[in-house]
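Just so it is clear, the structure is predicted and the values come from calculations on it, not from any experiment.
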Amino acid sequence: MATEMVYQIKHVQKAFGDKPVLKDINATVAQNQVIALIGPSGSGKSTLLRCLNQLELPDSGEIDYFGKKLDLSQSRSKDDQTPAVGMVFQSYNLFENLTVLENVCLAPMRVKGLSEDEANQLAEHYLDRVGLAEQAKSYPQQLSGGQAQRVAIARALAMKPKVMLFDEPTSALDPEMVAEVLTVIKELAEEDMTMVIVTHEMNFARKVADEVWFMDEGVIQEKGEPEALFTQPQNPKTASFLNKVL
Ligand code: ADP
Ligand code: MG
């Protein structure tokens with residue numbers, strides 16, 4: 001049997017005003033695949049990721065999610081995401097007045113109707129998984145940026161997503177905290193989580209991704225296995241970008 005496709009992106013276009021931001025995007029994400037989405041600032045990476053989570057709507061084209069057409073007539077708010085799609089942003093967006101544990105419990109209780117006990121158990125499990133079991137009773141202000149981002153990851157995982165979308169998860173972090181967050185994401189990759197990761201961490205993309213998409217000017221200019229794309233880019237635009245960042 002063919003591998004099940006998590007996403008099939010077909011001819012997706014989007015403009016903001018008269019500025020085209022996504023131009024005829026075609027791509028697929030297979031189950032257990034890890035995609036690294038790279039490219040210069042303003043190239044449309046976040047917009048594409050947000051389309052996958054229906055936070056943005058394409059103007060035209062189609063996105064299939066597990067073989068079913070997504071309803072592209074209405075966008076979601078940031079608080080009302082597809083429960084099966086976990087999203088982690090550059091900013092952690094934790095509730096400052098709730099403990100770490102409560103932050104992770106919130107959605108499982110509110111969205112999935114888990115009891116407090118069930119949610120606590122689940123939250124403890126995922127906090128342990130990101131190495132923060134000891135911080136369960138802390139408040140977000142007491143955490144470092146790296147810890148806060150790991151809580152954000154645990155919070156997403158607690159919804160048992162079928163796919164995780166990361167938008168520059170380490171870009172807001174002090175350099176010494178980048179590794180601890182990348183390690184958690186790498187472990188998820190090793191456990192076969194399906195992921196699309198927008199990142200400027202090229203070494204990470206090269207090591208962890210199954211496939212890299214290079215985006216520029218609203219176009220996926222090149223897709224390929226990391227080794228091939230990083231060492232023998234076929235598109236001069238990819239080569240020029242890599243020259244600047246490597
Ligand atoms: P990237 O994530 O690659 O930096 P984005 O997807 O954030 O790129 O943005 C692509 C282009 O779309 C940029 O020119 C940006 O200014 C523009 N853009 C993004 N979001 C909006 C919006 N909500 N309204 C208007 N323009 C936007
Ligand atoms: Mg972005």
Between Ser91 and Asn93 (side chain of the first, backbone of the second, donor and acceptor by atom type, cut-off under 3.5 Å), is there such a pair? no
Kindly confirm or rule out a cation-pi arrangement of Lys207 over Phe204, judged by NZ or CZ under 6.0 Å from the six-membered ring centre and within 45° of its axis? no
Report yes if the side chains of Val178 and Glu201 come closer than 4.5 Å at any heavy-atom pair, otherwise no. yes
Closest heavy-atom pair and its distance - Ala189, Met195: N-CE, 3.3 Å
Indicate yes or no: does Glu191 engage Arg129 in a salt bridge with an N to O separation below 4.0 Å. yes
To the nearest 0.5 Å, what is the distance between CD on Gln234 and CG on Leu229? 8.5 Å
Taking atom CD as the centre, does Gln121 end up with more than 12 heavy-atom neighbours from other residues, nucleotides or ligands that are less than 6.0 angstrom away? no
Does any N or O in the side chain of Asn26 come within less than 3.5 Å of the main-chain N or O of Asp24, such that one atom is a donor and the other an acceptor? yes
Show the numbers, then the answer: is there a side chain to side chain contact (heavy atoms under 4.5 Å, CB included) between Val208 and Ile185? CA-CA 9 Å; Val208 173; Ile185 301 173; 5.5 Å; no
For Gln141, I'd like to know if atom CD has over 12 heavy atoms of other residues, nucleotides or ligands within 6.0 Å. yes
Hydrophobic clustering (ILVMFWY, side-chain heavy atoms < 4.5 Å, transitive) - are Leu182 and Leu157 grouped together? yes
If the condition is salt bridge (charged side-chain N to carboxylate O under 4.0 Å, His left out), which residues does Glu62 pass it with, not counting sequence neighbours? Lys10, Lys69
Stepwise side chain to side chain contact (heavy atoms under 4.5 Å, CB included) test for Leu37 and Leu48: CA-CA 10 Å; Leu37 179 51; Leu48 177 57; 4.2 Å; yes
Side chains of Asp167 and Ser46 only: does a donor on one sit below 3.5 Å from an acceptor on the other? yes
Do Tyr65 and Val34 share a hydrophobic cluster (ILVMFWY, side-chain heavy atoms under 4.5 Å, transitive)? no
From Ser144 atom OG to Glu176 atom CD, the distance as rounded to the nearest 0.5 Å: 8.5 Å
Pairwise distance CG(Leu52) to CG(Leu165) - rounded to 0.5 angstrom: 6.0 Å
Which atom pair, heavy atoms only, marks the closest approach of Phe214 to Thr238? CD2-OG1, 3.3 Å
CE (Met164) and CD1 (Ile153) are apart, to the nearest 0.5 Å, by 6.0 Å
Are side-chain heavy atoms of Glu180 and Gln147 found at a separation under 4.5 Å? yes
Phe166 versus Leu49: any side-chain heavy-atom pair under 4.5 Å? no
Taking everything shown except Glu118 itself, do over 12 heavy atoms lie less than 6.0 Å from its CD? yes
So, Lys223 side chain and Ala27 main chain: donor-acceptor pair closer than 3.5 Å or not? no
Flag, side chain of Thr170 to backbone of Leu173, donor-acceptor distance under 3.5 Å: no
Locate the shortest heavy-atom distance separating Val88 from Ala156; write the atom from each residue and the value. CG2-CB, 4.2 Å
State whether the number of non-hydrogen atoms from other residues, nucleotides or ligands found under 6.0 Å of Gln232 atom CD is greater than 12. no
Mind checking whether Cys51 and Ile63 have side chains closer than 4.5 Å, heavy atoms only? yes
Got a donor-acceptor contact below 3.5 angstrom from the Gln221 side chain to the Asp216 backbone? yes
Is Asp128 reaching over with its side chain to a backbone N or O of Tyr126, donor-acceptor style, under 3.5 angstrom? no
Can you list the steps and then say if Thr28 with Tyr7 is a side chain to side chain contact (heavy atoms under 4.5 Å, CB included)? CA-CA 5 Å; Thr28 57; Tyr7 284 113; over 6 Å; no
Surrounding CD of Glu187 (heavy atoms of other residues, nucleotides or ligands, distance under 6.0 Å), is the total greater than 12? yes
Determine whether Leu55 and Met87 make a side-chain contact, defined as any pair of heavy atoms from C-beta on separated by less than 4.5 Å. yes
Would a distance-only check, ignoring hydrogens and angles, find a side-chain to backbone donor-acceptor pair under 3.5 Å from Arg155 to Tyr92? yes
Nearest heavy-atom contact between Gly86 and Pro161 is N-CB, 3.5 Å
When hydrophobic residues are tied together by side-chain contacts of less than 4.5 Å, even through go-betweens, does Val181 share a cluster with Val100? yes
Atom CG of Leu22 and atom CG of Asp59: how far apart are they, to the nearest 0.5 Å? 8.5 Å
Output yes when Glu227 and Arg206 qualify as a salt bridge under the 4.0 Å nitrogen-oxygen rule, no when they do not. yes
Test your reading of the model: is there a side-chain donor-acceptor pair from Arg150 to the backbone of Val130, 3.5 Å cut-off? yes
Mind checking the NE2-CD1 spacing from His11 to Ile9? Nearest 0.5 Å is all I need. 12.0 Å
Pro233 side chain near Leu242 side chain, heavy-atom distance below 4.5 Å: yes
Is the shortest side-chain heavy-atom distance between Leu98 and Tyr139 below 4.5 Å? no
Strictly by modelled atom types, are Ser171 and Glu168 linked by a side-chain donor-acceptor pair under 3.5 Å? yes
Are Ser138 and Leu143 close enough, and set up right, to give a side chain to side chain contact (heavy atoms under 4.5 Å, CB included), and what steps lead you there? CA-CA 8 Å; Ser138 304; Leu143 304 177; 4.2 Å; yes
Between the main-chain N or O of Ala179 and the side-chain N or O of Thr183, is there a donor-acceptor pair closer than 3.5 Å? yes
Hey, is Lys23 close enough to Glu217 for a salt bridge, meaning N to O under 4.0 Å? no
Which pair of heavy atoms, one from Ala158 and one from Leu122, lies closest together, and at what distance? O-CD2, 3.2 Å
Lys162 side chain reached by Thr194 side chain, heavy atoms, under 4.5 Å: no
Would Val104 end up clustered with Leu94 when hydrophobic side chains under 4.5 Å apart are linked, directly or stepwise? yes
Given 3.5 Å as the limit, does a donor-acceptor pair link the side chain of Asn235 with the main chain of Glu222, or not? no
Side-chain heavy atoms nearer than 4.5 Å, only ILVMFWY residues, links allowed to pass through others: does that put Val29 and Met215 together? yes
Heavy-atom pair with the smallest gap, counting every atom of Phe241 and Pro40: CE1-N, 3.5 Å
